[in-house]
Amino acid sequence: MTAIVPRPIISRPGPALGPRKGSRLVNLLGTTDHKTIGMMYLITSFAYFIAGGLMAMLIRGELAEPGLQFLSPEQYNELFTMHGTIMLLMFATPLFFAFGNLIMPLQIGSPDVAFPRLNALSFWLFFFGSLIVVSGFLTPTGAADFGWYAYAPLSDVAHSPGAGANMWFAGLAVSGLGTILGGVNFITTIVCLRAPGMTMFRMPIFTWNTLVTSLLILLAFPILTAAIMGMLADRHLGALVYSPENGGPMLWQHLFWFFGHPEVYIIALPFFGIVTEIIPVFSRKPLFGYKGMVGATMAIGFLSVAVWAHHMFATGAVLLPFFSFLTYLIAVPTGLKFFNWIGTMWRGQMTFETPMLWSIGFMITFLLGGLTGVLLASPPLDWHVNDSYFVVAHFHYVVFGTVVFAANAGIAFWFPKMCGRMLDERLGKLQFWMTFIGFHGTFLIQHWLGTQGMPRRYVDYLASDHFQWMHDVSTLFSFLLGASILPFLYNVRRSWLYGQLALRDDPWGHGNSLEWATSSPPPRHNFIEIPRIRSERPAFEAHYPQLLERLHEEAHAGRRHEPYAGVSEVFGGTGRRQGPNDPDPT
């Protein structure tokens, strides 16, 4: 009997199926992953940052010489209005949600935010609301041109007709709704989704600041939305809410600044938190005064809703001693933060990688902005420099010095958690020095320009005013500041594709909070396992269990000791590493 042996059928293998065209975009449209949504916030906000920066460079170019150069007064008004709107509400505010989505759930050991679909809705409301605002440039009458705080009656339909102004109000209402929903989501996540052992006073400072910021959002943004709805009713229904006969202009100022001053701390507190996470890591020490930092954050949040009328000193319609005193008072908890940051660095084994450089640059710049804020808290001094370039310089030192410096620090610090690679140090330091020198060269001289009498929001000045040389200096450095974005963009693209791999959970070696106890980048739901949480430094304790006894001893205040956790001691340790990508460095 003949055995029949089956022969294998040799077939040509088919081509490997690649991703379908458009599948990546479809995935982005439907994603609810907080990390992906955080990256969408980050990319969108930086796109607006570049747009706002280009507008600023056009403004500086126009002011380089007396007379009109290439902008009409109407175009100039549109540019400074949209520049302020974009930088505050389409760059700085969504940048908070970018870092909040990327980092906060990791820091509390949560697999996601509390309401993932609401999180996605918040982003798309911001995205389309901001598109509505900037689409005003495409209308026949141009974009809004009444300043980013839209004082009545300048912003009513009689003085600012056209679709561009309507789109400005409507777009901010839509975008503001997304901000409010995002704040609700963050509060619920922090309160309800902390890992076992993560008590409130074991949360990282960035998470604390995220919580306080979200509470401020729920206080401030509904007021802005209500004020905008009143203005839209005036413009379309003749409601007369902001009629001068009814005291409408003062009503708008009170409503707007009740939103506007908490907004300054909405875009400041999260970035205080970023710097507070970075300084201990590169000082090789635990944070000095953890509970003091928490208390200072709460005090700033409380006082920020009580000082709105210091923007209205020149109106003569507010109680000057009361609001001046509260404005001085808010400097106290801010000063406490500086004291704690310096205390953390004191006697530490500091290294100056890119995140630490940005953090020190932030401290220097924000300190100068805060000092000029103390000057403006005095009503007589405020009357002298109100609506001058002194206020422009102060505001940029506070906002740019906080948001941009700290945001670059956070991106360099957490870049391995975004893509599993490290940013290039040389390009990062080049960008830092270009930004630092360009910023201070642009805005430091504007303090003198303001005290000499140059008003803000003016498209022209006379040669006899002798302002030109100061404008020339400011314009020259502004182009250096604008060019600093180029090494950043090149660095991000190059490092994302070809950067050094972050082979350990904690590539910096001294991370404290839980994001450094998972892989780089994290898995879909963030953790395979979570280490025991016994203090505000769970990742450090998990990576260096041999130091637990020393950590306990050094926790007692007033005890003198050698600089904390020397390099040889830390990297000579043999403690078990948590996570699949965190081998022992030896």
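- If you run ring-ring contact (aromatic ring centres under 6.0 Å, His included) between F488 and each of F432, W358, F46, F415, only F46 comes through.
- Side-chain contact between Y41 and F126 is present, with at least one heavy-atom pair separated by less than 4.5 Å.
- Judged purely by atom type and a 3.5 angstrom limit, N340 uses its side chain to pair as donor or acceptor with the backbone of G289.
- You'll find the side chain of F115 stays beyond 4.5 Å of the side chain of L121, heavy atoms only.
- Under the salt bridge (Lys or Arg N to Asp or Glu O under 4.0 Å) criterion, R494 pairs with D424, not counting sequence neighbours.
- Within 6.0 Å of CZ on F339 lie no more than 12 heavy atoms contributed by other residues, nucleotides or ligands.
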Are D506 and R504 close enough, and set up right, to give a salt bridge (Lys or Arg N to Asp or Glu O under 4.0 Å), and what steps lead you there?
-> CA-CA 5 Å; D506 179 13; R504 297 190 292 159; over 6 Å; no
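- Within the model, atoms CG of D33 and CG of N526 stand 7.5 Å from one another, a figure rounded to the nearest 0.5 Å.
- R117 CZ: 12 or fewer foreign heavy atoms inside a 6.0 Å radius.
- Counting heavy atoms from C-beta on, the side chains of T36 and M39 never come closer than 4.5 Å.
- Between Y149 and W257, the ring planes are tilted. Angles from 30° to 60° get that label.
- E536 is not listed as a side-chain neighbour of N512, based on a closest heavy-atom distance of 4.5 Å or more.
- From S513, atom OG reaches atom CZ of F206 across 10.0 Å, with rounding to the nearest 0.5 Å.
- P116 is not listed as a side-chain neighbour of H34, based on a closest heavy-atom distance of 4.5 Å or more.
- A donor atom on one side chain and an acceptor atom on the other are not found under 3.5 Å apart for T344 and K285.
- Taking the side chain as every heavy atom from C-beta outward, T518 and I528 never approach each other to under 4.5 Å.
- Remark: side-chain polar atoms of H310 are not paired, donor with acceptor, to backbone N or O of T327 under 3.5 angstrom.
- For the pair W341/M363, a side-chain contact is recorded, criterion being any heavy-atom separation below 4.5 Å from C-beta on.
- For W208 and F272, the distance between ring centers is not under 6.0 angstrom.
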